[in-house]
Protein chains: 2
Amino acid sequence: MTELRVTAAGAGTLLRILRDGRPRTRSELASVTGLARSTVTQRVDALLASGLIGPAGEAASTGGRPPTTFSFRPDARVVVAADLGATHARLALTDMTGTVLAEERADLDIALGPEPVLDWVVDRGRALLDGAGREVPDLLGVGIGLPGPVEYSTGRAVNPPIMPGWDNFDVPGYVGARLPVPVLVDNDVNIMAVGEHHVAWPTASHLMFVKVATGIGCGIVSEGRVYRGAQGAAGDMGHIHVPSGAGRQCRCGNTGCLEAVASGAALAEALTAEGVPARGARDVVELSRNGSVPALRALRQAGRDVGEVLAASVNMFNPSVIVIGGALALAGDHLLAGVREIIYQRSLPLATEHLSIVSSTAGESAGVIGAAVTVIEHCLSPEHADTLVTRA
Amino acid sequence: MTELRVTAAGAGTLLRILRDGRPRTRSELASVTGLARSTVTQRVDALLASGLIGPAGEAASTGGRPPTTFSFRPDARVVVAADLGATHARLALTDMTGTVLAEERADLDIALGPEPVLDWVVDRGRALLDGAGREVPDLLGVGIGLPGPVEYSTGRAVNPPIMPGWDNFDVPGYVGARLPVPVLVDNDVNIMAVGEHHVAWPTASHLMFVKVATGIGCGIVSEGRVYRGAQGAAGDMGHIHVPSGAGRQCRCGNTGCLEAVASGAALAEALTAEGVPARGARDVVELSRNGSVPALRALRQAGRDVGEVLAASVNMFNPSVIVIGGALALAGDHLLAGVREIIYQRSLPLATEHLSIVSSTAGESAGVIGAAVTVIEHCLSPEHADTLVTRA
């Protein structure tokens, strides 16, 4: 290990301590870490040089010259975060607290394939940087959410059903060749769960974010991290069997899946068959806003079906918060009411006593905020904080 | 921080490195930790004095006197582990790898209340120590599994339905006053999951252990730790709703619960009503061993009902291993076959591709081994390994 690396390692640890925003003196940092005062001074100097911390003022003097305090500078670096849906994309520039500095939205078909779509992310990302008066060296990293299964460790989509050309495409490699920073990729529901956790439930130990839209999926944040399961397939709740689905054909090839009865696509189809034409989740929401009783009834029942599946997960995994989001959740509280009805009816008192079941707070920004937070947590993690200081 | 504590802190880290059993020289330990050779020597001396490591031989010489190697001594301390059921108790003495050195079993009614039951644990624990020629100072800790909900952080039972007098009783305080070592308490299914993971699936990232007996419960080991959920209520699968339970009254007050149709109690009741008298899980197992077709049919269907609940959890939480244990699992593969039938029918290919669904390997020892491993992991954790060396 070279002396420089040793210094950076220590500096990364100091950065992690200062990240809470509270200004501290060199003495306080020495006392918290148990490091020698001279070592702390050296590492504080490295952090000051990187711009990641700055002087914050003076502490009260105990006699003599008052000591300087230092604090984290969350705007020292920025993140480009993309939430790519089937036909729409959202892009944001954030600081290192996940606060959105600039944002834009575009119609963009994921089926165009990875290169044109990722070129858009890179080009518009550079434009957002420019617009904010920032440059590529200010970039901490790029976070991307994709509408399909992603192998998180490699950042590649795996057999994504609606993303022709993306299977196994090296997203971090392609984007990293154009923007030389860490590129983190995850599926859209996982980043929405991270964004919602960050915005509205930062202290929740176990959060489940359910996206009810054209399909149905769930992102799980457990003790501050995305819960992925053994093959990274956790949260695929759309194909869990529900009693009301008996015999109904699902696009997955099985019958009786939750998606076959409670997704936006299923609701639109059922309403159309009832003589209330609807082409998708957004039409169903529009109908419900206009007071269509069949649409309201369908949303309530969809909530009950989602609730059936969640009630079992509440007993099995005892979450502290369930957030209902996605396009169908925009239709007011009808969906949520159905979810609550079944969970409170079915689940054990101990598991529901402190359980919150709520609508999304982060709303349509949940995805980009989650993508940004994924990058920030990665770059400020114990394994990477050193690199960040060295890189500076 | 005193100098002694600093030394112990370092010694704990070395102990954790040596725990894999491989002998290492002082130079190797210096190279792995990045510590100065003199510091390593000091800490190795502290560990030798504690007896937790010993000289293991000599490494190949690179010229001059060959350097001594040191290795972990798993028998330097022992653990008393108790698995307390409703009417039976099992007690074991293990070394620090969880290997059982001595074991005994007794009829013991948990409803006698905490003091007589825990006095038995303490008295027989001392007797096991004696019998193995060990003394209380050799004791690493005591691990106890209880047949009801336990608040792990305090080691107290919380509203346990079948344990009169135990509610909120300070188990670690009572036992610790008699055996002055760390006392860890958890519920029986969690310790069985830990034991099974340790014995048969040490590298499995996400294991679910399902106990199908008088009641039905599940212990989850996720990335090496018991998954507890927000209120510690995770794994309570017995009261998840199943389609075949429609209208069936459960002892929890709800209807349609898994336990109301697939527990040993429910099967015995249903068989009795069919004219095949059975008083509980063990009678059902006995009938099935004698080839009773109604009993075999009932076990297969119970497996399907358990499978319904697990299929949903497979999609939602993507485990790598599901272990079926408990008294009903002793009836051969009929229960397991029903579980597999439904999980493979219902779950997504990605989630089942690498999923093992198996019978328990640790069998009736799963509980005591898990209780012992809980103690060992606690005492050798980064937070406590130092204390262990200081204590020595």
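A, B, ... follow the sequence lines: proteins, then strands. Residue 1 opens every chain.
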Interchain contact, B:D236 with chain A, by part (heavy-atom threshold 4.5 Å): both
Please flag which part of B:H206 lies under 4.5 Å from any non-hydrogen atom of chain A: side chain, backbone, both or neither. side chain
Greatest number of heavy atom pairs closer than 4.5 Å to chain B - which of A:S320, A:G235, A:S205: A:G235
Sort B:S222 into side chain, backbone, both or neither according to what part of it lies under 4.5 angstrom from a heavy atom of chain A. side chain
Check: B:N187 side chain, B:V150 main-chain N or O, donor-acceptor pair, under 3.5 Å: no
Where on B:E353 is there a heavy atom nearer than 4.5 Å to chain A: the side chain, the backbone, both, or neither? neither
First locate atom CG of B:L14, then atom CZ of B:R26, and finally report the distance between them rounded to the nearest 0.5 Å. 11.5 Å
To the nearest 0.5 Å, what is the distance between CD1 (A:I240) and CE (B:M316)? 5.0 Å
Looking only at non-hydrogen atoms, find the nearest pair between A:S347 and A:T352 and report the distance. CB-CG2, 3.4 Å
If you count heavy-atom pairs within less than 4.5 Å of chain B, which of A:P349, A:A312, A:A246 leads? A:A312
Smallest separation among heavy atoms of B:R340 and B:V358, with atom names: NH2-CA, 4.2 Å
Closest-packed option against chain A by number of heavy-atom pairs under 4.5 Å, given B:A351, B:P319, B:S313, B:A233: B:A233
Toward chain B, the part of A:F317 with a non-hydrogen atom under 4.5 Å: both
Which atoms of B:I342 approach chain A - backbone, side chain, both or neither, heavy atom under 4.5 Å: neither
Chain B contact via A:I220 - which portion, at a heavy-atom distance below 4.5 Å: side chain
Pair A:D186 + A:R228, salt bridge at N-O below 4.0 Å: yes
So that I can tick it off, tell me whether B:R225 and B:E377 are bridged by a salt bridge, with the cut-off set at under 4.0 angstrom between side-chain N and carboxylate O. no
Presence of salt bridge, A:D386 and A:R16, under 4.0 angstrom: no
Of the backbone (N, CA, C, O) and the side chain (C-beta and beyond), which part of B:L355 lies under 4.5 Å from a heavy atom of chain A, both, or neither? neither
